[in-house]
Amino acid sequence: MRVADLHARGKVRDIFGAGDDLVMVATDRVSAFDVVLPQAIPGKGQVLTGLSLYWFDRTTSIVANHVVTADVTRFPAPFAGQDDLAGRAMLGKKAKMIPIECVARGYLSGSGWKEYQQTGRVCGVELPRGLVESERLPEPVFTPATKAETGHDLNISLEQAADLVGRGLAKKLQEVTLELYEFAAAHALERGIILADTKFEFGFADRELILCDEVLTPDSSRFWPSDRYEPGHSQPSFDKQFLRDWLDATGWDHEPPAPDLPSDVIEQTAARYREAYGRITGEDFSEYLDRVGAGEESRH
């Protein structure tokens, strides 16, 4: 891929201009604590793309999305037919992105738990007293955040979100975010997975609100096995928490450079991503790779 084609590069995604659209490539890079780690997680980008496509396809009755196609044979030149993109790239509409992360929480964990311990609230939402870590909330809550160019996103209240994007749009984003969460949480629970929280990104294309980026993946969501759920402490997960826990155990200070990942940590992380895909979709990850025509060279 020519560097000149590069439209933007994130911690995980490379985005290329393609006429009126964008080619979004999910690499196998992995970040933790806002630092890209030295080693990649094999197949991770294809898990993110495959799961996103699964959810995009099932949520169109709630909100439109940016997907044009994920069939690389239908990509415009010079991307068409590039085998290394199979299963990890999608052609999407260009959108004017809304400058907030739309987060839905059904359980008290992560930054929400930390804030609750200090204030009894999460993003300005008053919660019952006496809740414990990982406890299910009485009802899901909308907890938006700013999009930080560097460092951590910052949790904000609905009122602060309204100041940024307008009250009507903030309310609409709250409604759509919670509807998406409730739909996905019910579906995941049928497959033995608790969707503790997740974040969405939205934009406008042709004046229509659309769902963008990735959706309901281990990178954007907290997935817990329901048969091991026990409130009162952190939960085993299918997301990057295993990796974060290992990094913390090394004594790393969360500043670059990050420590090298041993091969067993890489494989265990990759296995968690693959299992999340299989549990949620009901399709073995290898079947997805075969279905999208991902050659051996594109699987790493």
Side-chain angles (χ1 to χ4, degrees), residues 1-32 34-37 40-41 43-57 59-60 63-102 145-153 164-165 169 173 199-221 256 292-295 297-300:
M1 207 75 71
R2 300 193 308 273
V3 174
D5 294 326
L6 192 64
H7 178 80
R9 170 165 285 165
K11 297 183 185 76
V12 172
R13 280 173 179 72
D14 293 338
I15 302 175
F16 300 87
D20 293 333
D21 299 317
L22 298 171
V23 171
M24 290 158 280
V25 182
T27 73
D28 290 342
R29 295 192 298 266
V30 63
S31 69
D34 298 305
V35 177
V36 177
L37 304 184
I41 305 299
K44 173 178 176 285
Q46 289 158 322
V47 168
L48 299 184
T49 299
L51 265 178
S52 291
L53 291 168
Y54 178 86
W55 290 113
F56 277 131
D57 186 53
T59 55
T60 53
V63 63
N65 60 64
H66 69 168
V67 179
V68 176
T69 183
D71 181 351
V72 294
T73 66
R74 296 173 56 196
F75 283 13
F79 309 98
Q82 291 199 24
D83 290 343
D84 59 335
L85 298 182
R88 66 170 68 249
M90 63 181 84
L91 184 68
K93 302 172 187 174
K94 284 182 181 176
K96 182 179 180 181
M97 299 302 294
I98 297 169
I100 59 172
E101 300 272 7
C102 293
T146 61
K147 290 183 183 180
E149 291 296 324
T150 59
H152 294 286
D153 297 336
L164 289 173
V165 303
L169 179 56
L173 292 172
K199 67 178 180 179
F200 303 107
E201 292 198 38
F202 297 92
F204 284 98
D206 298 323
R207 306 179 79 173
E208 180 183 30
L209 182 69
I210 61 172
L211 183 59
C212 302
D213 196 51
E214 65 177 305
V215 288
L216 297 156
T217 72
D219 272 16
S220 65
S221 313
V292 299
E297 70 280 358
S298 75
R299 300 184 186 213
H300 303 289

Measure the CG-CZ distance between Leu91 and Phe79 for me, rounded to the nearest 0.5 Å. 9.0 Å

Which donor-acceptor pairs under 3.5 Å do side chains of residues 14-24 form with protein atoms, sequence neighbours excluded?
residue	atom	partner	partner atom	Å
Asp14	OD1	Arg9	NE	2.8
Asp14	OD1	Arg29	NH2	2.9
Asp14	OD2	Arg9	NH2	3.3

Correct closest heavy-atom pair for Pro218 and Leu48 would be CD-CD2, 4.2 Å

Out of curiosity, Cys102 SG to Glu201 CD, how far, rounded to the nearest 0.5 Å? 8.5 Å

First locate atom NZ of Lys44, then atom OG1 of Thr49, and finally report the distance between them rounded to the nearest 0.5 Å. 9.5 Å

With heavy-atom distances below 4.5 Å as the criterion, would you say the side chains of Ser52 and Val67 are in contact? no

Heavy atoms only: give me the nearest Leu209-Phe202 pair and the separation to one decimal. CD1-CB, 3.9 Å

For residues Thr217 and Asp219, is any side-chain donor paired with an opposing acceptor at under 3.5 Å? no

Heavy-atom closest contact (Cys212 atom, Ala95 atom, distance): SG-CB, 4.0 Å

Inter-residue atom distance Met90.CE - Arg13.CZ, 0.5 Å rounding: 7.0 Å

Any heavy-atom pair between the side chains of Ser220 and Val215 that's under 4.5 Å? no

Counting C-beta onward and ignoring hydrogens, is there a side-chain heavy-atom pair between Phe56 and His66 closer than 4.5 Å? yes

Spatial distance of atom CG (Asp28) from atom CD1 (Ile41) [nearest 0.5 Å]: 8.5 Å

Non-neighbouring partners of Phe75 that pass ring-ring contact (aromatic ring centres under 6.0 Å, His included), sequence neighbours left out: none

So, does Arg88 use its side chain to make a donor-acceptor pair with the main chain of Ala26 at under 3.5 Å? yes

Single hit among Asp84, Leu85, Val292 for side chain to side chain contact (heavy atoms under 4.5 Å, CB included) with Val72: Leu85

Keeping the roles fixed (side chain from Lys147, backbone from Ile98), state whether a donor-acceptor pair exists under 3.5 Å. yes

Distance (rounded to the nearest 0.5 Å) between Asp83 CG and Thr73 OG1: 10.5 Å

What's the shortest heavy-atom distance between Leu216 and Leu51, and which atoms? O-CD1, 4.2 Å

Taking every non-hydrogen atom, the tightest pair across Ala86 and Gln46: O-NE2, 3.3 Å

